[in-house]
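Take a look at the structure below.
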Amino acid sequence: MLIYIVYILQPLLILLLAPLFMGILGKVKACFRGYTGPSVFQVYYDIAKLMKKDEVISKSSSFVTTIGPLFTLVAAVSCTFIIPVFYTSLAFSFGNIFVIIFTLGIIKFITSLIGLDSASTFGGMGSSRELFISMLAEPIMFVVITFLFIETKSFNIFTIAYANSTQLSFGPGHVLAALAFFILLLAENARMPVDNPETHLELTMVHEAMILDLSGKRLAYIELASAIKFVLFLTILINGFLPYGIATGLNLLTMGTAIILFIIKLIGCLIVIAVIETTMAKFRLFRVPELLTFAFALGIVSIIINHYA
Amino acid sequence: MLESFYNIMMTDWLSIFFVALIILISIPICLFSIGYVKEYRQNYSIKYIYSMMTFFILSMIGVVFSNNSIVFMIFWEIMSMTSFFLVIYEYKNKENLSSGIMYFVMTHISGLVLMIMFALIYKYTNSFDFKEIMEYSNKFTLTQKTIIFILAIIGFGAKAGLMPLHAWLPKAHPSAPSNVSALMSGVMLKVAVYGFIRTAFMFLGDVPYSYGISLMIIGTLTAIISILNASAQRNMKKLLAYSSAENIGLIFSVLGLAIIFKSYGLNTLAVLALTAGLFHAVNHGIFKSLLFTAAGSVLYSTGTKNMNELGGLYKKMKFATFCAFVGTAAISAIPPLNGFASEVAIFMSFIQVAGKIDSIWMIVIILCGSILALTSGAVMYVSVKSFGITYLGEPRSIKAQNIHKVPISMNIGMGLLSVYAILFGVLSKFIFEYIIKISQDIINVGNIRLDENTLQNFVGFDIVVMASIIISVTVVFLLVNYITRKNKTFKVYDTWGCGFNEAKPYMQYSGSGFTQPLSKIATSIIGYKKTVLKEETIFFRQHTTDMIEKYLYNPIISLVDYLAIKITKIHYGQIQVYIAYIIMSLIIAVVCVVKFI
Amino acid sequence: MIINMIFVLFIGMILISSLLKNIKVISIINIVGTMLIGGCFISVVDSVYKYEHISFLNNFLYIDSLNVIQIFIIMSISIISLLYAHKYIAHETKEHIITIGKAKTFYILFDLFVMSMIIVAISNNIVAMWMGLEATTISTAFLIGFSKNKLSIEAAWKYIIICSLGIGIGLIGIILFIYSAGVTEASEIANWTYLVSKAGILDKDIAKIAFVFIFIGIGTKAGIAPMHTWLPISHSEAPSPISALMSGALLNLALYVIVRFYIIIKLVSGLENLKYLFIIFGCISLIVSSFSILRQTNYKRLLAFSSIENIGIMTLGFGFGGYIAIFGSLLHGVIHAFGKALLFLVSGNILSVYKTKRMDVVQNLIKTMPINSVFLILGMLIIVGAPPFASFLSEYKIMIGGIHNDYLIYAIIYAVCLLLVFIGFLKSFIKMIFEQDNSKIYTKSDMDKENILPIVIAFVLVVLTSVFFGGYLTEILDRATLIIES
Amino acid sequence: MLETILEVLLIVTILMTGFRRIKLFIYAFAVQSLCIALICFYLAYTTGENSLYSVGVMTIFMKVILTSGLIKRVSKSLKENREKEFIIGGLLSYVLCIAGIIITYGLLADFGPPFLKVGVVLMIVGSILLVGRKEAITQMIGFLTIENGIVLLEIYMVKMSLIIEAGLMLEVVILAIIMGTMIFNINREFDTINTDTFSNTKR
């Protein structure tokens, strides 16, 4: 009976806390840059405001702009159901890592179509660059999943988290794979070195350009979906690579400590990302393939080290 | 009578599967072509295309059902002949004729190579019957197996469009009428896959792993090079033809993987890899013919295949746009649809190799897997381009504005195909079990008890769970949306151009511009050339050539021409020279006969 | 008794066509006469079908299932050509291109030609065979030079010189052959049956050289490679019915004569690898003809080169040996004869409408002559060996035979040449039928329905051969292969 | 007696390779046929084979009278009466002829009677004329010389019935008649019988 509560609690946790973590990230970046910046709950206020506002839809947009954003949010939310946050066990028969990655792929697919749909130059440019970058990111994902498969002999994210949580010492391959996945995370979620999420400067934005034309409720859906996607990637990173302390038994105490540990680790990651975002400048588009091939090389090296060493 | 009919036909699981595939995909395409063919009424004969299409489909079924190598070859040649007459159907423009001729020549090459292969098989096994050859399969010596395998790759590869012999694909499909190119790329390429599976798996029995690796490398090269070529295309059907070559590359690399597993004795993994390959063959047949029929309906209504002239077709072709959306989502492996099910199965069978094979080849296989992942990313890039540029945004030319209505039967055909795509995606778990039985029969392992966790690792169950979650969450969100929509209105206004409000249709992203970053990276592979012309306004032209054709086909053609010129010199008009030939050959023949015999 | 009837009919036809004035009557008499002769032969063939072989005129004429095929080809193609010639000559005389006298010589020479071919086909005496071949050269010399322009006279001259030289070499071969059979007093030493029974005692060295002379000599007549040079020009200059008859029946017949001697030579011990003669010359003619087809601009010359190529295929088939290959080449002989006759007659129609043999002038045939273009495509498919027709089966059998007896390199050359011929045919015919430049307007010519009957008959014969005449043809081919093979 | 006939035959044949005027060719051809007829008579006389008598009579009647007369009548209507330039030069054809003689006598030294070797020499000279000369009429004469060579070969090697011998002789004469009329046509059409004007079918 408790298991069903956990089934519901895990996705709920991510759904509710995703905007909070974005707020925390904004706050951390602000204090690095020396100004107090908006409050941690600012993202909640934005989404609430957008939900209430009227909408303007461009006359050349099709069903992709009207229904699309809803589907992106649906994809993001349904992904949260099959990812371990604080509890994992071998009993989960679903949760294949490919399904997670490809469902998150729906968001990318639909946002790039929305970009093209509004018949504006910026939308086309944004979706072309987004797809270009994510195309180069695919092999890294493949290699990271292979590494995890070598380590834990399964594709199911729950069993991966379970196997890694019992393991205490991690070899060098593990660290390299985590680093590769981290770079993949930055590329997929349009974080700083690949694309600047805050700016609306026409020639630099990638992710923002696609949803330039949206407003009101639809913009809120997309914002929420990308926030959830970002946090989901982070959870995969945390629970896939350093799931120390994740609850494997059903008693309340371990789950409580697991939640707290998860939040601490997440904030740690956010701090690292904030450091990267404030120190690094955005790469030129044709330097991004070099970064991603570097990550791919890391992945390959991790497999070789793990397998043959 | 049935009994005699029985031993003519080849009724094992493989043939039945492929016949089912052929029939499954031909029905919607025939429905589609009822409407589509009306466009040709005024200058081509309708009876011709209908009769040729029926012969084409019957010959394909004949190929799959034949169990004697002569009957196989007869149907094989009839198939290429009827498809040739369909490719040159619109003989009014010259370009169709030359591509039709090239197509027929390439398929004839594949026919001849297969003829040599079957003759060799007859030499070794002294029988034409497939069943006897199958029993003989483990008595082939190694050299015999190598020769037959190489000939099989060349023969069936030429027909399927593997790398060095793929040059006809991007030429034949755009010149054929759309329903025919849908039929050809959806079904004919699979018949070549059937032929290859029949020879490589069932005739040759167990084969050293180096065959599998060479096949996998050829398949991966085909995939990556053809998808890069596809990205730079303006012509919609050429883009789809290249992406068919890419999917064929995918299927053949998985077959190579199955051969590797079999040679290492990992039968369960071999069965699963082969199942992934067969499932992807079915799925590719479905979504590729869906995309071709969509392109056909675009061609029917606007009259042009060039993407840069289209755009904004959504407004007048709502149903066709929706079907094209489903097709694009399926080809770029979006979860609930069928493309996702088989692509993930392929990636999983690639990853399964880790830890099981510990030679250096594991790294090569994983590299091939990552290249295929790159291609699947590129497929999403290319299909979003082809869907977005043609259907969304503003119409870029007058052709795209005043388009005439698409007849009902075309929509029914496309609708049926998109229903297939959704069904095959959601119910992929049950289709998986069915295909696993077939691949067990192919690898003739007997029905080994598939250990639970490898099967469980396969994605069957997850998709069903995922589909149900998605449906339930959408229902919840629609309800929430419906409740909270009372006091909000939405206004329709021009697109937001960051303050610039005279946005013209031509200012949108064009097709070639959309994939310009990718072609800039792959300049050497696809021969990408940029030219900037300064007439009264500045023009930007970019042009890509098929490098394989430029550096492999043209030298051969010029060599043959050079030889032909030299040899026709023999007929130098003088009669004395002719008589000298006779006397010389007499003397040489007498001397040789006296000396050697 | 039947044989005398046949010769009486032949001589009667020649006399009538030399005496009467009205061309139409002459052609009808000729057609009826040839059909009667065909009828006589059918009864002869029945008796051959019943008991293996029969001979007439105290063993001067000898018919077994090998030359039944040749008779069948000769008679059917001569009937087809006569049917075509009926309208062709009438049309020519009406427009005063040729005088009545020339038309009459056409029919006289035509009957002489068919009669000499029949003599070669059924004679048992090898010197009589040689004289028959010589008679064919003589009778066709003027037929080639029929249309009195520069090219056809040159063709006739080259034809007569090269062929008679070749046949002279053949005569030397035959003389050496008889000499190698020893100086016995037997009167019928020159009979083929006698030589077959006496194969053991042939003097090996002289028989070897004799066979080379025969192969090269009669090979010129058959159009085998280095000696084929007369064929392209003479077949493209001769009137279409004649080139159909020559290309279909005569080349086949010459090859049949060579095979007759080859049967004797095979029985002589130690001369097995004489078959390399067939294989090498077959390959040379394949290579030469397939490469030249690629560069042809005149469609009748293209058909002539394709005849050389098909003869090359047949020689290769006989060279490969083995039941399958020989069955394939015999079948290929039959199907090629009808297919080539069909194509030559269609090209005759095209020539009569377009008045030129150049392929780049003939355009949009599908619009101007739809019926002929359909038959042109079907003819192309027959000759190139597309499946529904038996030529695919015969080429495939020769390939199997070749690979079965370990001639892999030759089989590969054979496959490459088949491909090149396929490209040559496809490029030229598809361009001729479908290509059009939009500036010109193409009207459907009324001459299209003219002269379609013989083409239809030829196509029906091809279809019947592909269906093997309900097993009747397989039986004859089977026995013929056993004669060669055993 | 046989040797003298063979010597005359050899001399005439060797001279033939160098001739230019067509009249000389005709006379040489007539003398050749006469010598062959005499050889037949001589052999018939020595071996008592009476079929050779008829062969001799036929050669005289058909070859010496009929064919030479025909060629003379044809050559009368021609414009050129001699070969202007050769493909194989006069000197080279003599050298080839001598080489041919040496080879035949070397190879067939022990094979058959002397007139067999002369027959082979006739054939070689005939082929030199056929290949080396430009005029159509010279090619015809070259071809007829080869036929004469074959007749010599045939006399020795084959005991054939009379009809076949008559048939062969008849064939050769008919060929000569046909070639004559053809030369007549060529002369009328091209108004020269130099085969250089022919070579217009390059492809």
Side-chain angles (χ1 to χ4, degrees), chain B residues 59 69-70 73-81 84-85 88 91-92 94 96-98 100-101 104-105 108-109 111-113 115-116 118-120 122-123 126 128 147 560-561 563-568 570-573 575 577-579 581-586 588-590 592-594 596-597, chain C residues 157-158 161-162 165-166 169 205 208-209 211-213 215-217 220 225-227 229-230 232-233 270-271 273-274 276-277 281 287-288 291-292 294-295 366 381 386-388 392-393 395-396 399-400 402-404 406 411-412 415-416 418-420 422-423 426-427 430-431 433-436 438:
Chain B
S59 62
S69 58
I70 293 182
M73 278 317 296
I74 286 176
F75 279 116
W76 185 269
E77 290 285 334
I78 292 179
M79 177 171 78
S80 24
M81 190 174 66
F84 164 70
F85 285 120
I88 57 164
Y91 59 82
K92 281 275 191 306
K94 265 187 242 329
N96 282 1
L97 281 184
S98 54
I101 287 170
F104 207 8
V105 166
H108 201 75
I109 290 173
L112 283 173
V113 168
M115 263 210 249
I116 295 176
F118 279 120
L120 271 172
Y122 174 73
K123 178 169 159 26
N126 216 333
F128 290 112
I147 299 168
V560 166
D561 261 354
L563 278 178
I565 294 164
K566 277 282 164 293
I567 284 177
T568 23
I570 287 179
H571 305 297
Y572 185 64
I575 183 164
V577 174
Y578 293 166
I579 296 165
Y581 287 149
I582 298 175
I583 293 168
M584 283 313 295
S585 49
L586 180 65
I588 294 166
V590 167
C592 294
V593 159
V594 165
F596 294 123
I597 296 161
Chain C
W157 175 253
K158 282 185 180 169
I161 283 288
I162 295 173
L165 177 71
I169 295 169
D205 304 336
K208 213 168 26 173
I209 297 168
F211 183 72
V212 170
F213 271 86
F215 184 86
I216 303 285
T220 6
M227 305 82 81
T229 39
W230 57 274
I233 181 159
L271 288 184
N273 38 27
L274 262 182
Y276 278 98
L277 213 61
F281 276 93
I287 291 165
V288 164
F291 276 107
S292 344
L294 288 173
R295 294 206 35 92
I366 192 110
L381 292 178
F392 171 78
L393 199 65
E395 276 165 10
Y396 192 17
M399 166 89 76
I400 291 173
I403 288 180
H404 193 62
D406 291 332
I412 289 168
V416 168
L418 278 184
L419 180 70
L420 290 177
F422 178 78
I423 297 171
L426 202 64
K427 221 154 32 113
I430 293 298
K431 286 257 177 340
I433 291 168
F434 289 108
E435 193 137 280
Q436 59 171 5
N438 311 354

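The structure presented is a predicted model; accordingly, all values stated were derived computationally and were not measured.
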F85(B), part contacting chain C, at a heavy-atom distance under 4.5 Å: side chain

Okay, K566(B) and chain C: the region with an atom under 4.5 Å from a heavy atom over there is neither

If we define contacts as heavy-atom pairs under 4.5 Å, which of Y122(B), F118(B), Y91(B), Y581(B) has the most with chain C? Y91(B)

Answer with side chain, backbone, both or neither: which region of F596(B) has an atom nearer than 4.5 Å to a non-hydrogen atom of chain C? neither

Please classify the contact between I70(B) and chain C as side chain, backbone, both or neither, with a heavy-atom cut-off of under 4.5 Å. both

Side chain from CB out, backbone as N, CA, C, O: work out which of these in V560(B) comes under 4.5 Å of a heavy atom of chain C, or both, or neither. both

With only heavy atoms counted, which part of S69(B) is less than 4.5 Å from chain C, the side chain, the backbone, both or neither? both

Counting distance only, does the side-chain N/O of W230(C) pair as donor-acceptor with the main-chain N or O of T220(C) below 3.5 Å? yes

Tell me, side chain or backbone of L419(C) under 4.5 Å from chain B's heavy atoms, or both, or neither? both

Pick from H404(C), K427(C), E395(C) with the largest number of heavy-atom pairs that fall under 4.5 Å of chain B: H404(C)

What do you reckon, is NZ of K123(B) surrounded by more than 12 foreign heavy atoms closer than 6.0 Å? yes

Please state whether the side chain, the backbone, both or neither of F213(C) comes within less than 4.5 Å of a heavy atom of chain B. both

Heavy-atom proximity to chain B below 4.5 Å, by part of L277(C): side chain

Less than 4.5 Å to any heavy atom of chain C: does that hold for the side chain of I567(B), its backbone, both, or neither? side chain

Parallel, tilted or perpendicular, judged at 30° and 60°: which one describes the rings of H108(B) and F104(B)? perpendicular

So, the part of Y396(C) with a heavy atom under 4.5 Å from chain B: the answer is both

Side chain, backbone, both or neither of I400(C) within contact of chain B (heavy atoms, under 4.5 Å): both

What part of L274(C) lies closer than 4.5 angstrom to a heavy atom of chain B: side chain, backbone, both or neither? both

With chain C as the partner, which of I583(B), I565(B), I88(B), V590(B) has the greatest number of non-hydrogen pairs under 4.5 Å? I565(B)

F75(B) side chain near P387(C) side chain, heavy-atom distance below 4.5 Å: no

Under 4.5 Å from any heavy atom of chain C - which part of M115(B): both

Sort M584(B) into side chain, backbone, both or neither according to what part of it lies under 4.5 angstrom from a heavy atom of chain C. neither

Chain B heavy atoms under 4.5 Å from F422(C): which part of the residue, side chain, backbone, both or neither? side chain

